[in-house]
Structures are given as C-alpha cells and as structure tokens.
Trainee: 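First the structure, which I've put down as structure tokens, then a few questions once you've had a look.
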Amino acid sequence: MVAEDRKHDILDVEDHKKVTIIVDGTPHEWPEEYISYAQVVTLEVPDYPQHPEITYTVRYKDGPRGKPEGTLSPGGTVKVREGMTFSVSETGQS
C-alpha cells in the first residue's frame, strides 16, 4: 500500500511539466504550476525563511498571458511559464 501511495505522488508530480524559470539571472527548474512570493525569494535568498522580517520586491516578466509582467506581493502567487524571469531586490526602508 505504501508503494501505491508513492506511485500516486510520483504521478501527481509528473502531471505538471517542469519549467525553467530565471531568478536574477540564475535558471531554476520549477516542478509546480504556480510559485509564491516566498518561494521566489527563497530561490534567490536561501536564508529568507529564517528572516521573514526582511521585505523584498519581486518583479516578473514573460509571465502568464493574462498578466505577462507585474509585481508579486508577499502572500501572492503567479502561474509559471517556461523562461519566465524574476527579479528580487531587498526593499529599502525610509
């Protein structure tokens, strides 16, 4: 039964084709249909989960047809496309 559960998990992952996204010039394979603000930031700043008090501006280009470019806010998600690019920069405080 455990083997059947594992097979089901593998099939779920295979249902969505992996795409390559670019985060600040670095390519990353992404296995999911959507990516969140926190996931994008963590790809660029691996210790982000330990410092959630730091805010970043996340911009994207070459995104989904309905909104091919924009800004991803904390808590937000966006559908990914092959070759989609993200820019992550620490937000300055005034």
Side-chain angles (χ1 to χ4, degrees):
M1 184 163 173
V2 171
E4 287 179 22
D5 289 341
R6 182 172 166 81
K7 183 178 177 183
H8 180 70
D9 290 343
I10 291 169
L11 290 175
D12 284 347
V13 170
E14 290 175 355
D15 284 345
H16 174 74
K17 184 180 122 185
K18 288 181 183 178
V19 296
T20 300
I21 60 172
I22 311 298
V23 181
D24 284 338
T26 303
H28 298 273
E29 279 197 359
W30 192 252
E32 299 173 32
E33 188 174 2
Y34 288 84
I35 192 164
S36 71
Y37 167 90
Q39 290 169 320
V40 173
V41 174
T42 301
L43 287 173
E44 179 62 19
V45 185
D47 66 344
Y48 171 70
Q50 288 78 39
H51 300 283
E53 71 282 359
I54 300 173
T55 305
Y56 295 86
T57 298
V58 177
R59 292 186 175 91
Y60 64 87
K61 296 190 304 184
D62 303 320
R65 288 186 191 146
K67 192 167 183 189
E69 52 184 61
T71 302
L72 193 56
S73 301
T77 62
V78 66
K79 187 172 185 173
V80 295
R81 289 184 55 173
E82 180 66 33
M84 189 171 183
T85 60
F86 293 87
S87 170
V88 178
S89 57
E90 191 171 336
T91 304
Q93 296 187 8
S94 43

Trainee: Do W30 and M84 have side chains that approach each other closer than 4.5 Å (heavy atoms only, starting at C-beta)?
Mentor: no

Trainee: Test your reading of the model: is there a side-chain donor-acceptor pair from Y48 to the backbone of V40, 3.5 Å cut-off?
Mentor: no

Trainee: Is there a side-chain contact between V78 and F86, using heavy atoms and a 4.5 Å cut-off?
Mentor: yes

Trainee: Of the non-hydrogen atoms in S36 and Q39, which two are nearest, and what is the gap between them?
Mentor: N-OE1, 2.8 Å

Trainee: Under the rule for side chain to side chain contact (heavy atoms under 4.5 Å, CB included), what residues qualify as partners of T20, not counting sequence neighbours?
Mentor: I22, P27, E29, E82

Trainee: Apply side-chain contact (heavy atoms from CB on, under 4.5 Å) to the pair I21 and L43, showing each step before the final yes or no.
Mentor: CA-CA 10 Å; I21 60 172; L43 287 173; 4.0 Å; yes

Trainee: Between the side chain of R81 and the main-chain N/O of G63, is any donor-acceptor distance below 3.5 Å?
Mentor: yes

Trainee: Restricting to non-hydrogen atoms, name the atom on P68 and the atom on R65 that form the minimum distance, rounded to 0.1 Å.
Mentor: CD-O, 3.6 Å

Trainee: Just how far is it from atom OH of Y56 to atom CD of E90, taken to the nearest 0.5 Å?
Mentor: 5.0 Å

Trainee: On a heavy-atom basis, which atom in R59 and which in T71 lie closest, and how many Å separate them?
Mentor: CG-OG1, 4.0 Å

Trainee: Taking only residues two or more places apart in sequence, or in another chain, which ones meet K61 in a side-chain hydrogen bond (donor to acceptor under 3.5 Å, both in side chains)?
Mentor: none

Trainee: Does some side-chain heavy atom of Y60 sit less than 4.5 Å from a side-chain heavy atom of K67?
Mentor: yes

Trainee: Please check this pair: side chain of S73 against backbone of G76, looking for a donor-acceptor N/O pair closer than 3.5 Å.
Mentor: no

Trainee: Whether the T57 and T91 side chains hold a donor-acceptor pair (N or O, under 3.5 Å, no angle test) is what I'd like checked.
Mentor: yes

Trainee: Using every non-hydrogen atom in the two residues, find where V45 and P49 come nearest and quote the distance to one decimal.
Mentor: O-CD, 4.5 Å

Trainee: I need the minimum non-hydrogen distance between D24 and S87, along with the two atoms involved.
Mentor: OD1-CA, 3.2 Å

Trainee: Which heavy atom of V80 sits nearest a heavy atom of I35, and at what distance?
Mentor: CG1-CG2, 3.5 Å

